[in-house]
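Structure, as structure tokens:
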Amino acid sequence: MKRLILLAVLALFCAMPAFLQDERNCDTASLKATIRAQLQEIEDDPISAFNEIIQLSLGGLFGCSDDRQTFSGQAGAQPVLGPLALHEGFYIVKLTTEGSARVEAVSLESCGKDLISILFNTAAGQAINGAENLIQAEADCTVYLEVSKISASWTLEIDRVQ
């Protein structure tokens, strides 16, 4: 069981460079070294080590998150996008599709009213040129986006307003 958990944490660690693209407050070398040190501590104190790895991962997710995120998919897909680390501020969310789509935001913490609601519920043809929505993250938080009722290929872009 410990090996399975260790492999899951290691997989998260290996996937982290894909998430770490902004150079703002992002020291990936230090983060990598600290996570490796915590991996060595798993045998002695697994709960403490896992908690620290989770905190380091969340810190890296927020500290290294990009101000622009783009997702896409095909008809019939019902993905849940996330976790998305949003800093406090305003974002423009743009959905482009020839078909129908529904996008609902679900926050795991207090992000504000914009991020616990339906962002888009479009019929076929309404978002051909892109439907946009201005949202506000009232604090740094983690959000998931549930995409459903997809009838054509789609693209979802999230841009932070500077």
Side-chain angles (χ1 to χ4, degrees), residues 8-35 38 49-97 99-123 126-162:
V9 170
L10 211 50
L12 174 66
F13 177 70
C14 291
M16 195 170 284
F19 299 112
L20 307 178
Q21 296 184 10
D22 191 359
E23 298 289 328
R24 184 175 42 240
N25 293 320
C26 188
D27 182 5
T28 57
S30 172
L31 185 60
K32 184 177 179 180
T34 308
I35 289 176
Q38 287 303 316
F50 286 135
N51 283 333
E52 185 63 26
I53 290 170
I54 290 168
Q55 294 304 315
L56 289 167
S57 299
L58 287 173
L61 188 61
F62 277 103
C64 300
S65 66
D66 198 353
D67 287 338
R68 178 177 201 154
Q69 301 177 54
T70 302
F71 306 94
S72 61
Q74 300 298 317
Q78 305 286 317
V80 174
L81 308 174
L84 306 174
L86 297 181
H87 293 285
E88 181 178 351
F90 290 91
Y91 294 83
I92 295 176
V93 181
K94 181 179 180 182
L95 173 68
T96 306
T97 183
S100 61
R102 177 183 170 118
V103 180
E104 185 172 353
V106 178
S107 64
L108 301 181
E109 41 200 74
S110 179
C111 291
K113 64 180 173 57
D114 289 349
L115 295 169
I116 52 169
S117 64
I118 296 171
L119 300 179
F120 297 100
N121 194 11
T122 62
Q126 287 183 326
I128 290 175
N129 295 319
E132 294 183 341
N133 196 354
L134 178 67
I135 60 171
Q136 179 183 13
E138 295 178 5
D140 288 355
C141 60
T142 304
V143 175
Y144 289 85
L145 298 179
E146 296 176 352
V147 182
S148 60
K149 300 182 181 178
I150 304 297
S151 63
S153 59
W154 57 275
T155 301
L156 185 72
E157 298 173 23
I158 304 169
D159 283 312
R160 187 169 186 191
V161 177
Q162 298 298 329

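Small disclaimer: the values here were computed from a predicted structure and weren't measured.
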Discussion item. I'd like to know whether Arg102 forms a side-chain contact (heavy atoms from CB on, under 4.5 Å) with Ile118, so could you lay out the CA-CA distance, the side-chain angles of the two residues, the decisive distance to 0.1 Å, and finally the verdict.
Written reply: CA-CA 7 Å; Arg102 177 183 170 118; Ile118 296 171; 2.9 Å; yes
Item to complete: Begin from the C-alpha positions of Phe71 and Thr155 and carry the test side-chain contact (heavy atoms from CB on, under 4.5 Å) through to its verdict.
Response: CA-CA 6 Å; Phe71 306 94; Thr155 301; over 6 Å; no
Discussion item. Using side-chain contact (heavy atoms from CB on, under 4.5 Å), reason through Asn129 and Thr96 one step at a time and then give a plain yes or no.
Written reply: CA-CA 6 Å; Asn129 295 319; Thr96 306; over 6 Å; no
Worksheet entry | Residues Glu138, Glu88; criterion side-chain contact (heavy atoms from CB on, under 4.5 Å); working and verdict | CA-CA 5 Å; Glu138 295 178 5; Glu88 181 178 351; 5.9 Å; no
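Contact record, Glu109 with Asp140: OE2-O, 3.4 Å, taken as the closest heavy-atom pair. Nearest heavy atoms, Ser110 versus Cys141: O-CB, 4.5 Å. Taking each heavy atom of Gly99 and Ala152 in turn, the nearest pair found is N-CB, 3.5 Å. In plain terms, the two heavy atoms of Ala105 and Val143 that are nearest each other are CB-CG1, 4.3 Å. The nearest pair of heavy atoms linking His87 to Ala137 is O-CB, 3.6 Å. Minimum heavy-atom separation, Glu146 to Val80: CG-CG2, 4.3 Å.
Residues Pro79 and Trp154 are in side-chain contact: their nearest non-hydrogen atoms beyond the backbone lie under 4.5 Å apart. Glu104 has its side chain out of reach of Leu119: every pair of non-hydrogen atoms, C-beta onward, lies at least 4.5 Å apart. Looking at Leu156 and Val93, their side chains come closer than 4.5 Å, going by heavy atoms from C-beta outward.
To the nearest 0.5 Å, atom NZ of residue Lys94 and atom CD1 of residue Ile158 are 13.5 Å apart. Rounded to the nearest 0.5 angstrom, Leu108 CG and Leu115 CG are separated by 11.0 Å. Going from atom CG of Leu84 over to atom CG of Leu145 covers 5.0 Å, rounded to the nearest 0.5 Å. Atom CD1 of residue Ile135 and atom NZ of residue Lys113 lie 11.0 Å apart, to the nearest 0.5 angstrom. Once rounded to the nearest 0.5 Å, the distance linking CG of Asn133 with OG of Ser117 reads 7.5 Å. Within the model, atoms CG of Asn121 and NZ of Lys149 stand 5.5 Å from one another, a figure rounded to the nearest 0.5 Å.
The closest donor-acceptor contact from the side chain of Thr122 to the backbone of Ala127 lies at 3.5 Å or more, if one exists at all. A donor-acceptor pair under 3.5 Å is formed between the side chain of Gln126 and the backbone N or O of Ala123. Checked by atom type and distance alone, the side chain of Thr142 never pairs as donor or acceptor with a backbone atom of Ala85 at under 3.5 Å.
The only option from Asp159, Leu86, Val161 that meets the side-chain contact (heavy atoms from CB on, under 4.5 Å) definition with Tyr91 turns out to be Leu86.
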